[in-house]
Amino acid sequence: MIGIKLKILNSKVINFKFFNNENSVIKFNYQNFEIVIIGQIFENKNEIFKEIQSSLDKKKFRNLLKLNGEYVLTALNKKDKIYIVGNSQNSYIPVFYINSKNNLTVEQNILNFSSEYYSKLNFKKMCEWLIFNGRSFNNETFLTNIKILEAGSLIIKNKKILRKYLLQPFLFKPNKMTLDDATKMASNSLKKAINDRIQNSKGNTQLGLSGGLDCRILASLVEKNNLSKVTSHTISSKFSFEKKISRVVANTLKLNHYEICVPVKDYYLYAFEGIKFGGFNNVFKHGVYRKFLKRKFKGKNKYNIMFGNALDVLIASSYSSKDLIRIRSKKKYIDWFKKKYQLFSSKELNLIFNKKKISNKYLYKNFNKSLNKYNFNKSNSVDINDAFTFETRMKRWHNYTLSSWSEFINFLIPTYDKNFLNICSSIPSNLRLRDSLRK
């Protein structure tokens, strides 16, 4: 299990527990703060201490979330009654919370809260989830009073006041470069991130092979001296073509490979597994993966799973199209987005839920607000759409899939490496849009 349980009542800590899949936890005291970090940070411990101390001294609290890794940080100052909880910039670790004047309760599983909080549903959030295919734009959940501490956010409880801080979203700030230069920079950086994580992690690393480009890129960048620590697998039904492609890739790279065959009926039978453990924000088909992976890895904490999350929007533009090049305003971008990705109309939602109050304005309020973080006068719409997709579909949708598995497995995500992301942000859209770089 990975996550924290924290309860603060009347400015006093009455319960604090943390879980890190039996991996080591970073703990130290600084001034009046007791600091605990779970997850993984791929930096020198002295650098970690130095950065955290500097952030607290200068009260630049957002910097607490910028270390190279996926982690949750707590800094509890019981003397001054200042309590900080932060989820790092690209974290998949689930953190849900309820706040009132006298109470702050934090849980890693949304089902652990008192049953009284399940009576009031957040209807607007449910509609947003359906319309935007799981994309999320703020810290709301399907339950009105339960919030999520999304990746790149931090809360500070000081007596009765709760303040929330958000990091700036990922942005593309492209430079002029050739395809060869971009390929060398991206592949060298990703290769280092992959092999550093394999070398610095205990035990075997599982690499999921789906047969697609992204997992092939990851597999091909594993250095020969690390191949013995890597095993690949494919999980799919017996009808899937992915197994055939993955078998060829694994044989070519001389990876020890195995297949997990999922009966088709189980995709329906275990759908709820994925929904409840992802804060209700998961996709139905992933429930069966949780079941099979749990059977394979539960209790084996020396296993890690490596994924190439978001590679298709960081070095490619899989969710953009050529017509975006001509779009130069927020209004036209919204029109493009509706036409491309809106799954239901407000009229259809009114029929589904037997309501009459749902309007496009009602549904697009949070979407509009989240777009204000991007400057359409300074950036082209391809760059904005790719960055927006990374923030809302990958980090705030796909990461919920990972959170539902994090109870029993450790993750290595080299595509979330801080240095690799800096390289990606400099790649011009013309190399991503044609998918030249990824291919």
Side-chain angles (χ1 to χ4, degrees), residues 21 23 40 42 69-70 92 179-180 182-262 288-289 292-312 314-316 318 398 401-402 405 408-417 419-420 423-424 435-439:
N21 278 337
N23 294 318
Q40 297 181 91
F42 299 95
E70 297 79 51
Y92 60 85
L179 178 59
D180 284 346
T183 304
K184 288 175 184 176
M185 290 169 61
S187 61
N188 288 340
S189 179
L190 185 57
K191 185 175 184 177
K192 186 178 187 309
I194 290 168
N195 291 284
D196 282 352
R197 280 160 175 72
I198 294 172
Q199 289 170 3
N200 293 325
S201 301
K202 296 178 181 178
N204 183 275
T205 294
Q206 295 283 324
L207 179 64
L209 284 181
S210 66
L213 276 175
D214 296 339
C215 60
R216 287 192 232 180
I217 290 171
L218 257 65
S220 68
L221 291 175
V222 177
E223 293 174 343
K224 287 184 179 180
N225 60 309
N226 284 324
L227 282 175
S228 61
K229 295 180 69 177
V230 177
T231 300
S232 62
H233 70 269
T234 301
I235 179 166
S236 59
S237 73
K238 67 179 180 179
F239 304 106
S240 174
F241 67 91
E242 292 179 348
K243 293 189 294 187
K244 296 179 181 178
I245 300 172
S246 298
R247 209 176 297 141
V248 173
V249 173
N251 288 338
T252 302
L253 296 174
K254 297 181 172 58
L255 286 169
N256 183 15
H257 183 74
Y258 64 93
E259 298 168 359
I260 299 174
C261 188
V262 179
V288 74
Y289 297 159
F292 278 85
L293 291 172
K294 185 176 181 181
R295 181 190 297 171
K296 181 76 179 175
F297 299 116
K298 188 173 176 63
K300 300 177 182 177
N301 289 299
K302 289 186 178 180
Y303 278 87
N304 313 286
I305 291 187
M306 180 175 284
F307 287 104
N309 290 11
L311 203 57
D312 56 345
L314 293 170
I315 63 170
S318 299
H398 182 67
T401 302
L402 303 186
W405 303 344
F408 53 84
I409 199 70
N410 303 310
F411 291 106
L412 302 176
I413 313 177
T415 47
Y416 286 177
D417 180 81
N419 300 312
F420 176 65
I423 297 278
C424 291
D435 212 5
S436 306
L437 176 58
R438 190 165 63 136
K439 289 177 180 176

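For the single chain, residues carry numbers from 1 onward in sequence order. Owing to the predicted nature of the structure, the values given are computational and were not obtained by experimental measurement. Basis for what follows: all heavy atoms, side chains included, without hydrogens, waters or symmetry-related copies.
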Quiz item: Could you give the distance from CG (Leu437) to CG (Asp180), rounded to the nearest 0.5 Å?
Solution: 10.5 Å

Practice problem: Evaluate side chain to side chain contact (heavy atoms under 4.5 Å, CB included) for Phe292 paired with His233, printing each intermediate quantity in order. | Solution: CA-CA 12 Å; Phe292 278 85; His233 70 269; over 6 Å; no

Practice problem: For Pro414 and Met306, work out which heavy atoms get closest and say how close. | Solution: CD-CG, 3.7 Å

Quiz item: Can you find a side-chain donor-acceptor pair between Asn204 and Thr231 that sits under 3.5 Å?
Solution: yes

Practice problem: Measure across Leu412 and Arg197 and return the closest heavy-atom pair with its distance rounded to 0.1 Å. | Solution: CD1-O, 3.9 Å

Quiz item: Is a donor on one side and an acceptor on the other found under 3.5 Å between the side chain of Ser246 and the backbone of Gly211?
Solution: yes

Quiz item: Given the rule in the side chain to side chain contact (heavy atoms under 4.5 Å, CB included) test, do Leu190 and Ile315 qualify, once you have shown the distances and angles that lead to the verdict?
Solution: CA-CA 11 Å; Leu190 185 57; Ile315 63 170; 6.0 Å; no

Quiz item: Any salt bridge between Lys192 and Asp417, counting N to O under 4.0 Å?
Solution: no

Quiz prompt | Gap separating the CD1 atom of Ile260 from the NZ atom of Lys243, nearest 0.5 angstrom | solution = 11.0 Å

Exercise. Please lay out, stage by stage, how Phe42 and Asp196 fare under the test side chain to side chain contact (heavy atoms under 4.5 Å, CB included).
Key: CA-CA 8 Å; Phe42 299 95; Asp196 282 352; 5.9 Å; no

Quiz prompt | Which atom of Thr415 lies closest to which atom of Phe307, heavy atoms considered | solution = OG1-O, 4.1 Å

Quiz item: Roughly how far, to the nearest 0.5 Å, is the CD1 atom of Ile409 from the NZ atom of Lys294?
Solution: 12.5 Å

Quiz prompt | Side-chain donor/acceptor of Glu223 to backbone N/O of Ile194, under 3.5 Å | solution = no

Practice problem: Measure up the Trp405 and Tyr289 rings against each other and bin them: parallel (under 30°), tilted (30 to 60°), perpendicular (over 60°). | Solution: perpendicular

Quiz prompt | Where Lys202 and Asn304 come nearest, the two heavy atoms and their spacing | solution = O-ND2, 3.2 Å

Quiz item: How about Arg295 and Phe408: do any of their side-chain heavy atoms sit closer than 4.5 Å?
Solution: no

Exercise. Starting from the C-alpha separation in whole Å, work towards a yes-or-no answer on side chain to side chain contact (heavy atoms under 4.5 Å, CB included) for Leu314 and Phe420.
Key: CA-CA 10 Å; Leu314 293 170; Phe420 176 65; 4.3 Å; yes

Quiz item: What are the two closest heavy atoms between Leu402 and Phe411, and how far apart are they?
Solution: O-CE1, 3.3 Å

Quiz item: Is a donor on one side and an acceptor on the other found under 3.5 Å between the side chain of Ser232 and the backbone of Leu255?
Solution: no

Practice problem: Mind listing the closest non-hydrogen atom pair of Ala250 and His257 along with its distance? | Solution: CB-CB, 3.5 Å

Quiz item: Atom CG in Asn188, atom CG in Asn419: separation rounded to 0.5 Å?
Solution: 12.5 Å

Self-check item: Sidechain-backbone polar pair: Ser189 side chain, Ala186 backbone, donor-acceptor under 3.5 Å
Solution: no

Exercise. Please check if the side chain of Asn226 supplies one atom and the backbone of Val222 the other of a donor-acceptor pair under 3.5 Å.
Key: no

Exercise. Any chance you could measure Ile235, atom CD1, to Leu209, atom CG, to the nearest 0.5 Å?
Key: 13.0 Å

Self-check item: Separation between CG of Leu221 and CG of Asn195, rounded to the nearest 0.5 Å
Solution: 8.0 Å

